[in-house]
Visitor: 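Let me begin by handing over the structure; questions about it come next.
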Amino acid sequence: SGRGVRPPRARRPVHQRHAVTRKLVVLDYGSGNLRSAQRALERVGAHVDVTGDPHAAMEADGLVVPGVGAFESCMTGLRKIDGEKIIADRLAADRPVLGVCVGMQILFSRGVEFGVETTGCGQWPGAVIRLDAPVIPHMGWNVVDAPADSVLFRGLDADTRFYFVHSYAAQQWEGDPSALLTWATHHVPFLAAVETGALSATQFHPEKSSRAGLRLLRNFVEAGAPC
């Protein structure tokens, strides 16, 4: 008869459990899974605009820089909207930025694809190069090795898997020794995420990484929430 069975409690959206709703911009420069990133960020309570407008990107509480495809084409698109300056100006003001996939790669000094070197944003020193692996691209779920004091991976277990799709990556760190570095392995070790002050990035796609990805995005949103 169903007696004694309580109806399921409706879960409140994440943003209703927080007093502050952060305004985020997903930077539209012609590359990346823009709407997927927007939907994922909205699921964790952010108000999200997808735009290439420099003023909106600068004024947002957080900026997400997506990216798919070739390093060179992403840099070409980014420069068309003066994206390098947007990123640099935000970081100079200590305002959070999150790069995703090729949006992480272009934060390094340079990318090398098919023997062609392309200058990146230069926020971090070093090169993004092809993975030396028998199967390329690295596509699918993989574990990562995150530092204990990581902000992005706070509350996530060591065996948590994230979704990767890439053939290139940063495979060594030449920057600030105090950076929080998260590593993964696809035949060779590579940087799966980097956190340095207001600048963070992931090589994997949090917006495609199910609950774990949403938790990481929530950590990013909450870390930069106004007091």
Side-chain angles (χ1 to χ4, degrees), residues 14-15 18-29 32 34 37-38 40-42 44-67 74-75 78-79 81-109 119-126 128 146-156 170 173-182 191-204 206-207 213-227:
V14 172
H15 68 272
H18 301 281
V20 175
T21 298
R22 294 191 66 218
K23 295 181 179 180
L24 269 67
V25 160
V26 174
L27 190 64
D28 183 0
Y29 63 98
L34 303 176
Q38 178 185 20
L41 289 161
E42 288 174 344
V44 299
H47 174 83
V48 185
D49 288 324
V50 177
T51 179
D53 178 71
H55 179 75
M58 187 63 197
E59 292 302 312
D61 295 318
L63 178 68
V64 176
V65 183
C74 284
M75 285 305 304
L78 193 68
R79 289 180 176 128
I81 65 163
D82 211 10
E84 286 178 286
K85 185 176 187 301
I86 293 171
I87 294 169
D89 287 351
R90 281 191 62 89
L91 295 175
D94 200 32
R95 311 203 74 175
V97 175
L98 175 68
V100 174
C101 196
V102 183
M104 170 179 174
Q105 296 177 8
I106 58 177
L107 296 170
F108 286 86
S109 296
T119 301
C121 293
Q123 292 296 332
W124 294 323
V128 172
D149 50 350
S150 167
V151 174
L152 290 181
F153 295 90
R154 183 177 295 151
L156 289 163
W173 178 249
E174 303 173 17
D176 186 343
S178 68
L180 299 175
L181 306 177
T182 295
L191 283 163
V194 178
E195 300 165 69
T196 57
L199 182 58
S200 302
T202 66
Q203 179 58 67
F204 56 84
E207 79 282 4
L214 291 177
R215 177 57 188 263
L216 183 143
L217 291 174
R218 188 198 306 177
N219 287 342
F220 171 71
V221 169
E222 293 180 352
C227 297

Visitor: Counting only N and O atoms by type, is there a donor-acceptor contact under 3.5 Å from the side chain of Q123 to the main-chain atoms of L199?
Guide: no
Visitor: Ignoring hydrogens, what is the shortest heavy-atom contact between Q203 and L191? Give both atom names and the distance.
Guide: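 Taking every non-hydrogen atom into account, CB-O, 3.7 Å.
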Visitor: For S109 and T119, indicate whether the former's side chain and the latter's backbone hold a donor-acceptor pair under 3.5 Å.
Guide: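 Such a contact is absent between S109 side chain and T119 backbone.
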Visitor: Looking at residues at least two apart in the chain, or sitting in another chain, which of them share a side chain to side chain contact (heavy atoms under 4.5 Å, CB included) with A57?
Guide: V25, L27, L63, I86
Visitor: Less than 4.5 Å apart, side chain to side chain, heavy atoms only: is that true for R215 and P206?
Guide: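 No; the side chains remain at least 4.5 Å from each other.
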Visitor: Flag the pair E84 / M75 as yes when at least one side-chain heavy-atom distance between them is below 4.5 Å, and no otherwise.
Guide: yes
Visitor: Nearest 0.5 Å, what's the CD-CG distance between E59 and D49?
Guide: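 CG of D49 is found 12.5 Å from CD of E59.
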Visitor: Considering only heavy atoms from C-beta outward, does the side chain of F204 approach that of T182 to under 4.5 Å?
Guide: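 When only atoms from C-beta onward are counted, T182 and F204 do not touch, as no gap falls below 4.5 Å.
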Visitor: Please give me the minimum heavy-atom distance between L107 and G103, naming the atom from each residue.
Guide: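 In terms of heavy atoms, the two residues are closest at CG-O, 3.5 Å.
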Visitor: Quick one: list whatever passes salt bridge (Lys or Arg N to Asp or Glu O under 4.0 Å) with K85, sequence neighbours left out.
Guide: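 Expected list: D89.
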Visitor: Please check if the side chain of R90 supplies one atom and the backbone of P96 the other of a donor-acceptor pair under 3.5 Å.
Guide: yes
Visitor: Once you round to the nearest 0.5 Å, how far does SG of C121 lie from CD of Q105?
Guide: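 These two atoms lie 12.0 Å from each other.
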Visitor: Looking only at atom types and distance, does a side-chain atom of R22 sit under 3.5 Å from a main-chain N or O of V221, one as donor and one as acceptor?
Guide: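 At least one qualifying donor-acceptor pair exists.
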Visitor: Heavy atoms only: give me the nearest L152-L156 pair and the separation to one decimal.
Guide: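 Answer, listing the atom of L152 first, then L156: O-CD1, 4.2 Å.
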Visitor: What is the minimum heavy-atom distance between I106 and C74, and which atoms define it?
Guide: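 Shortest heavy-atom separation between I106 and C74 comes out as CG2-CB, 4.1 Å.
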Visitor: Locate the shortest heavy-atom distance separating V48 from Q38; write the atom from each residue and the value.
Guide: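 Scanning both residues completely, I find the closest heavy atoms to be O-NE2, 3.6 Å.
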Visitor: I need the T202 OG1 to F220 CZ distance, nearest 0.5 Å.
Guide: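 One gets 10.5 Å once the value is rounded to the nearest 0.5 Å.
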Visitor: Short question: side chain of Y29, backbone of D82 - any donor-acceptor pair under 3.5 Å?
Guide: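 Answer holds: no.
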Visitor: Under 3.5 Å, is there a donor-acceptor pair between the side chain of D61 and the main chain of K23?
Guide: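 Checking the backbone N and O of K23 against the side chain of D61, a donor-acceptor pair under 3.5 Å is found.
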Visitor: Check the pair E174, F108 against side chain to side chain contact (heavy atoms under 4.5 Å, CB included), reporting the backbone distance first and the verdict last.
Guide: CA-CA 10 Å; E174 303 173 17; F108 286 86; over 6 Å; no
Visitor: Side-chain contact, heavy-atom cut-off 4.5 Å: P54 with I81?
Guide: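 With C-beta onward as the side chain, the pair stays apart.
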Visitor: Heavy-atom distance under 4.5 Å between the side chains of L98 and M104, does that happen here?
Guide: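 Not in contact.
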Visitor: Tell me the closest heavy-atom pair linking L181 and P147, and the distance in Å.
Guide: O-CD, 3.1 Å
